[in-house]
Each structure stands twice: as C-alpha cells, then as structure tokens.
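In listed order, ligands and their atoms are each counted from 1.
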Amino acid sequence: MHDFRIEAADKAVMYRDLASALRGLVEGEPDPIANMANAAALIWETLPGLNWAGFYRNVAGETGHELVLGPFQGRPACIRIKFGEGVCGVAAATRSVQRVDDVHAFPGHIACDSASNSELVVPIVGSDGVLIAVLDLDSPDHARFDAEDEAGCVALGDILARVL
Ligand code: SME
C-alpha cells in the first residue's frame with residue numbers, strides 16, 4: 001500500500017504535494033479506472049472537509065452522451081447524470097469549472113446526499129478536446145472551496161487528463 005499522507009499547513013504547499021503524489025501514483029499506469037480510483041482515494045485522504053470525492057465519466061449511450069458514476073469515496077451516489085443537469089452536468093456541458101458555495105441555490109442541483117452544501121466540479125478534457133470525465137468534490141461546509149482549491153484541483157485534472 002502507498003502511504004501518501006500529506007500534511008501541510010499552507011494550502012498552496014498542500015496542493016503542490018498532492019499534485020506530486022498524484023503524478024507518482026498514475027505515472028506509467030494506463031488503466032483509467034485504476035487511476036481514477038487512486039486519485040479519488042488520495043484526494044479524499046488529503047483534503048479536509050469532504051463528504052464525497054470522485055468521478056463521473058463521459059459515456060456514449062443510445063440516446064447520446066451522459067455522465068456515468070466512476071470511482072469515488074463517500075456515500076453511494078446517483079449513477080447517471082444528463083449533460084446540463086445539476087452541477088456536474090453543467091460542468092460537463094459547458095466544460096467550465098463549477099465552484100458552488102451553496103448547492104441548494106444552484107438551479108437543478110441533484111441532491112445525492114442531503115449533507116452536501118458546497119461543491120467543486122472540474123471538467124477533465126483530453127488533448128483531443130474531448131471531455132473524458134468530471135472530478136466532483138462535495139462538502140458539508142458552506143463555501144468550502146476557494147479560488148486556491150479551484151486552481152489546485154484544475155492542476156490535478158490536468159495531470160489526470162493525460163492518463164484517463
Ligand atoms: N450534486 C451533484 C450530483 C453528484 S453527487 O454530489 C455525488 C450535482 O448536482 O451535480
């Protein structure tokens with residue numbers, strides 16, 4: 001088992017260490033499920049104040065693309081999310097980061113866990129411009145995620161885009 005416990009008082013240092021631990025975990029491993037699973041576990045173990053951390057994958061179905069639940073840590077969650085629906089669906093449809101201080105004020109928010117109050121969703125886009133997945137972090141705290149969390153998680157998404 002890898003021991004990647006990261007303890008840093010400074011958030012910037014913590015995200016730098018987290019990025020380097022993630023690089024170490026996924027380097028040379030081509031299996032996307034394994035990489036998402038380890039990324040979810042590492043983020044869950046490192047970032048305080050989360051009640052869910054994981055991935056929804058962009059999957060092509062008979063009726064078009066939708067988000068389908070991927071590896072995660074936390075309570076069992078909604079399995080399928082349509083593009084444009086909820087925080088994850090909007091991130092997928094617009095390919096833009098969604099940082100939501102109060103999910104209950106977000107139109108169409110999908111309440112998988114009523115304990116969630118704030119959320120950060122980062123789209124992961126491959127070098128070909130195709131959306132691969134979204135990284136979804138939920139917190140029971142209001143306004144848990146700030147601009148530094150957003151930048152840190154976008155950097156994690158960039159690392160993952162090369163190995164998913
Ligand atoms: N709250 C999300 C749904 C996914 S769960 O939080 C795991 C949303 O509205 O996209």
query = If only atom types and distance count, is the side chain of W52 paired as donor or acceptor with the main-chain N or O of R75 below 3.5 Å?
reply = yes
message = Can you confirm whether L22 sits close enough to L160 that some side-chain heavy atom of one is under 4.5 Å from a side-chain heavy atom of the other?
response = yes
request  = Can you sort out the partners of V154 under side chain to side chain contact (heavy atoms under 4.5 Å, CB included), two or more places apart, ordered by chain and number?
outcome  = V97, V122, E150, D158
request  = Run through ligand 1 for me and note each protein residue having a heavy atom under 4.0 Å from it, chain first, then residue number.
outcome  = W52, Y56, A77, I81, G86, V87, C88, H109, I110, C112, E119, D136, D138
ask   = Looking at residues at least two apart in the chain, or sitting in another chain, which of them share a salt bridge (charged side-chain N to carboxylate O under 4.0 Å, His left out) with E85?
value = none
ask   = Who are the ring pair (Phe, Tyr, Trp, His ring centres under 6.0 Å) partners of F83, not counting sequence neighbours?
value = none
task = Output yes when R144 and D149 qualify as a salt bridge under the 4.0 Å nitrogen-oxygen rule, no when they do not.
result = yes
